[in-house]
Structures are given as structure tokens and as C-alpha cells.
Amino acid sequence: MSNIINSSNKEKSNQNNTCLDLFQKYQEDVYRIAFVYVKNKDDALDIVQEVAYRAFKTFHTLKETQYFKTWLIKITIRCSIDLLRDKKKSTNGLVGSIDFLSSDEGDIPLSITLQDLLETLNEDEKSVVLLKYYQDYTFKSISNVLHIPVSTVKSILYRALEKLRKNAKGEDIYGQ
């Protein structure tokens, strides 16, 4: 009986070490993706911490370690979106009382940053663009991460790229 417990503890320890090693390998990717979503260093670090917790907690459910990065990115996207939703709920009442635009047209920036352009996309479009161009995922890999068909991934990507093109040219930025 004691041998069974010891071998179980050793196996769990090996799993924890494997998970730790793999997480450390990809933690910068997790941070980058989280930062693109939340645009805040502290929130991005909180997401990295939450992703680490969830990864360690559920590592035993991962069938093959070759898919660890894909699995980790999926957790990162979910945590980022969850944080954004929570923030949106907590600040929803304040938005109506804040005046974002001044009457002086000089306040409108002449150049739009890539971050600003990405903000014009919805969550699905942003996820697909980030995975495709920031993480170099294939359409099939994106399909696996987001649990949507490959054809849908392509449609979302092409729609997002068209939005980005229009917005970069200055068309339709403010709904005009």
C-alpha cells in the first residue's frame, strides 16, 4: 500500500515539474497575449498568474504535452476575456457620465496605432488575428484552440483584415 502511495506522489511530482517547465517556456507568450487584450501591465500579470494556477490545477487533463502551448493560449484568451467582462460590468455605470470627446478637433490623433486598430475588432476577430499573426498559428491550430470550424476561422480573419484596412485608411473609424 505504501509503494502505491509513493509511486502516486512521484508521478504527481513529475507532472508538476513538467507543467512548471513548460509554463516557464511559454510564460512570455502568455504575458504578450494577455497584455494585448487588457492593455495594462498589472492586469496582464494577474492574468499570467491566473493562467498558471489554472494550468497547474488542470494539467492532468492534458492528453499530450505537445499541445501544451495551444492549451495555454486558450486559457490565456479565456482569462483575458473574463477579466475584460468583469471590468466592463464594474464600470458600466460610469461610462455614461464621462465625456470622451472634446469639441476641439485637434484632440483627434493624426496616426492610429496598431493597438487602437485591434480595439476596433470584436473578441473573436481579435483572437483570430492575434493567434494568426502574433503567434504564427495555422488556420487548423486556431480552429482547435477556439473550437470553431476552419472555414469560420478564415471568414473571421478576412472580415477582421477588411475592418483593419478600412480603419487604417481612416474610413469608418468613428462609424462614419
Trainee: Specify whether Phe23 and Phe56 have parallel, tilted or perpendicular ring planes, treating 30° as the upper limit for parallel and 60° as the lower limit for perpendicular.
Mentor: tilted

Trainee: Would you please name every residue forming a salt bridge (charged side-chain N to carboxylate O under 4.0 Å, His left out) with Lys74, sequence neighbours left out?
Mentor: none

Trainee: For Ser155, give me all partners under side-chain contact (heavy atoms from CB on, under 4.5 Å), at least two apart in sequence or on another chain.
Mentor: none

Trainee: Counting C-beta onward and ignoring hydrogens, is there a side-chain heavy-atom pair between Leu131 and Val153 closer than 4.5 Å?
Mentor: no

Trainee: If you round to the nearest 0.5 Å, how far is CG of Leu121 from NZ of Lys163?
Mentor: 6.0 Å

Trainee: Test side chain to side chain contact (heavy atoms under 4.5 Å, CB included) on Leu118 and Tyr134 and set out the steps.
Mentor: CA-CA 12 Å; Leu118 286 174; Tyr134 283 74; 3.8 Å; yes

Trainee: If I take atom NZ from residue Lys126 and atom CG from residue Leu164, how far apart are they, to the nearest 0.5 angstrom?
Mentor: 11.0 Å

Trainee: Tell me every residue that passes side-chain contact (heavy atoms from CB on, under 4.5 Å) with Gln66, counting only those two or more places apart in sequence or in another chain.
Mentor: Glu64

Trainee: Would you list the pairs meeting side-chain hydrogen bond (donor to acceptor under 3.5 Å, both in side chains) in which at least one residue belongs to residues 33-46, sequence neighbours left out?
Mentor: Tyr37-Ser127, Lys39-Glu119, Asp43-Lys87

Trainee: Can you list everything that forms a salt bridge (charged side-chain N to carboxylate O under 4.0 Å, His left out) with Glu123? Sequence neighbours excluded, please.
Mentor: Arg85

Trainee: Do side-chain atoms of Thr138 reach the backbone of Ser141 as a donor and acceptor pair under 3.5 angstrom?
Mentor: yes

Trainee: Taking the side chain as C-beta and beyond, is there a heavy-atom pair between Tyr26 and Ile73 under 4.5 Å?
Mentor: no

Trainee: Rounded to the nearest 0.5 Å, what separates atom CD1 in Ile75 from atom CG in Asp82?
Mentor: 11.5 Å

Trainee: Report the distance from atom CG of Leu146 to atom CD1 of Ile156, rounding to the nearest 0.5 Å.
Mentor: 7.5 Å

Trainee: Can you tell me how far apart CG (Leu45) and CD (Gln27) are? Round to the nearest 0.5 Å.
Mentor: 10.0 Å

Trainee: For atom CD of Gln24, decide whether the heavy atoms of other residues, nucleotides or ligands shown that lie under 6.0 angstrom number more than 12.
Mentor: yes

Trainee: Which residues pass the side-chain contact (heavy atoms from CB on, under 4.5 Å) test with Leu157, not counting sequence neighbours?
Mentor: Val128, Val129, Lys132, Tyr133, Phe139, Leu161

Trainee: Report the hydrophobic cluster partners of Tyr53, with the cluster defined as I, L, V, M, F, W, Y residues connected by side-chain heavy atoms closer than 4.5 angstrom, directly or transitively.
Mentor: none

Trainee: Only counting residues at least two apart or in another chain, list the ones meeting salt bridge (charged side-chain N to carboxylate O under 4.0 Å, His left out) with Arg159.
Mentor: Glu125

Trainee: Under the rule for side chain to side chain donor-acceptor pair (under 3.5 Å), what residues qualify as partners of Ser143, not counting sequence neighbours?
Mentor: none

Trainee: Run the salt bridge (charged side-chain N to carboxylate O under 4.0 Å, His left out) test against Asp21 and tell me which residues pass, sequence neighbours left out.
Mentor: none

Trainee: Please determine whether residues Leu20 and Trp71 belong to a single hydrophobic cluster, defined as Ile, Leu, Val, Met, Phe, Trp and Tyr linked transitively by side-chain heavy-atom distances below 4.5 Å.
Mentor: no

Trainee: Could you give the distance from OG1 (Thr18) to CG (Leu62), rounded to the nearest 0.5 Å?
Mentor: 10.5 Å

Trainee: With sequence neighbours excluded, tell me which residues meet side-chain contact (heavy atoms from CB on, under 4.5 Å) with Ala44.
Mentor: Tyr31, Ala34, Phe35, Val38

Trainee: So, using side chain to side chain donor-acceptor pair (under 3.5 Å) as the criterion, who are the partners of Glu162 when residues are at least two apart?
Mentor: Arg165

